[in-house]
> 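Sharing a structure, written as structure tokens. Questions coming.
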Amino acid sequence: QQSRQIYESINSPELYKVYGQLADIARDRGDAAAAAQWQAKRDAKIAELKRLRRGPEVGQPSRLPPQLAQLVLALAQAVYQARVSGAALPPQVAKALAQLIEQPMPLGGVGSFLQAVAGGGAVPSLPAGLPPELGQILASLREAVEG
């Protein structure tokens with residue numbers, strides 16, 4: 001269970017192996033229901049990895065890892081709070097923004113946008129080529145700041 005928690009927290013591509021081991025353990029203990037649940041999680045993880053290896057389907061927007069969307073949302077909230085209160089960004093937020101800016105586009109553009117909003121000046125236009133989830137977060141932030 002500790003391995004599962006660690007692998008899930010980092011969204012490891014090896015997580016399917018842990019799910020398979022947990023299914024084996026449950027089967028060995030005679031718990032068919034738990035074994036079926038772990039096997040279903042294993043199969044879903046394998047399917048997810050296959051989809052990621054293929055890349056986005058034609059006409060389908062790419063899906064972000066939920067952790068990334070949550071991180072950008074948390075940063076956007078911190079940026080908004082700093083802007084409306086006139087306070088400086090907390091050091092960990094400033095560090096996360098600096099790291100985000102260094103990433104390839106579109107993430108670098110997200111970091112630059114958030115940095116500009118935090119700076120208190122005019123709100124820049126949204127970066128181009130954003131995945132829908134990030135576009136919604138930044139558009140909401142822009143509306144909140146301008147409205």
Side-chain angles (χ1 to χ4, degrees), residues 1-26 34-147:
Q1 290 293 350
Q2 288 176 334
S3 294
R4 178 193 55 80
Q5 288 173 342
I6 292 168
Y7 277 50
E8 284 178 344
S9 72
I10 62 172
N11 196 23
S12 171
E14 303 296 313
L15 181 58
Y16 75 93
K17 293 177 184 178
V18 175
Y19 289 154
Q21 291 167 345
L22 290 169
D24 292 342
I25 291 168
Q37 287 177 338
W38 289 120
Q39 188 67 41
K41 283 186 159 235
R42 177 189 172 276
D43 295 345
K45 187 65 178 178
I46 290 172
E48 175 189 347
L49 291 170
K50 287 179 182 177
R51 278 192 308 276
L52 289 172
R53 284 187 197 114
R54 282 194 309 262
E57 295 178 22
V58 175
Q60 293 291 322
S62 63
R63 295 289 303 167
L64 287 178
Q67 298 90 343
L68 180 58
Q70 290 169 355
L71 170 68
V72 170
L73 178 59
L75 290 173
Q77 290 169 338
V79 161
Y80 178 78
Q81 288 300 318
R83 183 175 176 115
V84 297
S85 69
L89 288 172
Q92 69 272 24
V93 173
K95 181 178 178 183
L97 282 180
Q99 291 173 342
L100 192 58
I101 289 169
E102 295 175 6
Q103 299 302 310
M105 294 307 242
L107 293 179
V110 170
S112 296
F113 177 86
L114 292 173
Q115 187 75 40
V117 171
V123 178
S125 59
L126 296 178
L130 291 177
E133 301 96 317
L134 297 185
Q136 290 172 347
I137 292 169
L138 298 187
S140 295
L141 174 61
R142 184 178 185 156
E143 280 181 33
V145 168
E146 293 179 337

> If you take all heavy atoms of Leu126 and Gly135, which pair is closest and at what distance?
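So the minimum-distance heavy-atom pair works out to CD1-O, 4.3 Å.
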> With rounding to the nearest 0.5 angstrom, report the CD to CG distance, Glu14 to Leu49.
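Rounded to the nearest 0.5 Å, the CD-CG separation comes out at 8.5 Å.
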> For Gln92, is the CD atom crowded, meaning more than 12 foreign heavy atoms sit under 6.0 Å from it?
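Counting other residues, nucleotides and ligands, CD of Gln92 exceeds 12 neighbours.
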> Which heavy atom of Ala82 sits nearest a heavy atom of Leu89, and at what distance?
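It is CB-CD2, 3.6 Å.
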> Hey, could you give me the CZ/CG distance between Phe113 and Leu130, rounded to the nearest 0.5 Å?
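That separation rounds to 9.0 Å.
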> Minimum heavy-atom separation for Val117 to Pro124, with atom names?
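Smallest heavy-atom distance, with atoms named: CG2-CD, 4.3 Å.
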> Please determine which of Ile137, Leu100, Val110, Leu141 meets the side chain to side chain contact (heavy atoms under 4.5 Å, CB included) test together with Leu75.
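Considering Ile137, Leu100, Val110, Leu141, a side chain to side chain contact (heavy atoms under 4.5 Å, CB included) with Leu75 is found only for Leu100.
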> Which value, rounded to the nearest 0.5 Å, describes the distance between Glu133 atom CD and Gln70 atom CD?
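Answer for the CD-CD pair, Glu133 versus Gln70, is 11.5 Å.
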> Report the C-alpha distance between Ser125 and Arg142 in whole Å, list the side-chain angles of each, state the deciding distance to 0.1 Å, and finish with yes or no for side chain to side chain contact (heavy atoms under 4.5 Å, CB included).
CA-CA 9 Å; Ser125 59; Arg142 184 178 185 156; 4.0 Å; yes
> Given side chains that start at C-beta, do those of Leu138 and Pro127 come closer than 4.5 Å, heavy atoms only?
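Result yes, sub-4.5 Å side-chain heavy-atom pair found.
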> Between Met105 and Gly108, what is the shortest heavy-atom contact and its length?
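In terms of heavy atoms, the two residues are closest at SD-C, 3.9 Å.
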> Going through the distances and angles, do Trp38 and Arg4 end up as a side chain to side chain contact (heavy atoms under 4.5 Å, CB included)?
CA-CA 11 Å; Trp38 289 120; Arg4 178 193 55 80; 3.4 Å; yes
> Can you tell me how far CD of Glu102 sits from CG of Leu97, rounded to the nearest 0.5 angstrom?
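It is 11.5 Å, given to the nearest 0.5 Å.
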> What I'd like to find out is whether the side chain of Gln37 reaches to under 4.5 Å of the side chain of Lys41, using heavy atoms alone.
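The answer is no; the side chains never approach within 4.5 Å.
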> Would you compute the distance between atom CD1 of Ile46 and atom NZ of Lys17 and round it to the nearest 0.5 angstrom?
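Output value for this atom pair is 10.5 Å.
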> Grab the two heavy atoms, one from Arg83 and one from Gly121, that are nearest each other, plus how far apart they are.
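Heavy-atom minimum between the residues: NH2-O, 2.8 Å.
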> Just by distance, no angles: are the side chains of Tyr19 and Glu8 close enough, under 3.5 Å, to form a donor-acceptor pair?
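Judged by distance alone, the side chains do pair up.
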> First locate atom CD of Gln1, then atom CD1 of Ile6, and finally report the distance between them rounded to the nearest 0.5 Å.
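So the CD of Gln1 and the CD1 of Ile6 are separated by 11.5 Å.
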> Checking side chain to side chain contact (heavy atoms under 4.5 Å, CB included) for the pair Val79/Val145: CA distance, chi angles, key distance, verdict?
CA-CA 10 Å; Val79 161; Val145 168; over 6 Å; no
> A side-chain contact here means heavy atoms from C-beta on lying under 4.5 Å apart; do Leu107 and Ile101 qualify?
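SC-SC contact between Leu107 and Ile101 ruled out.
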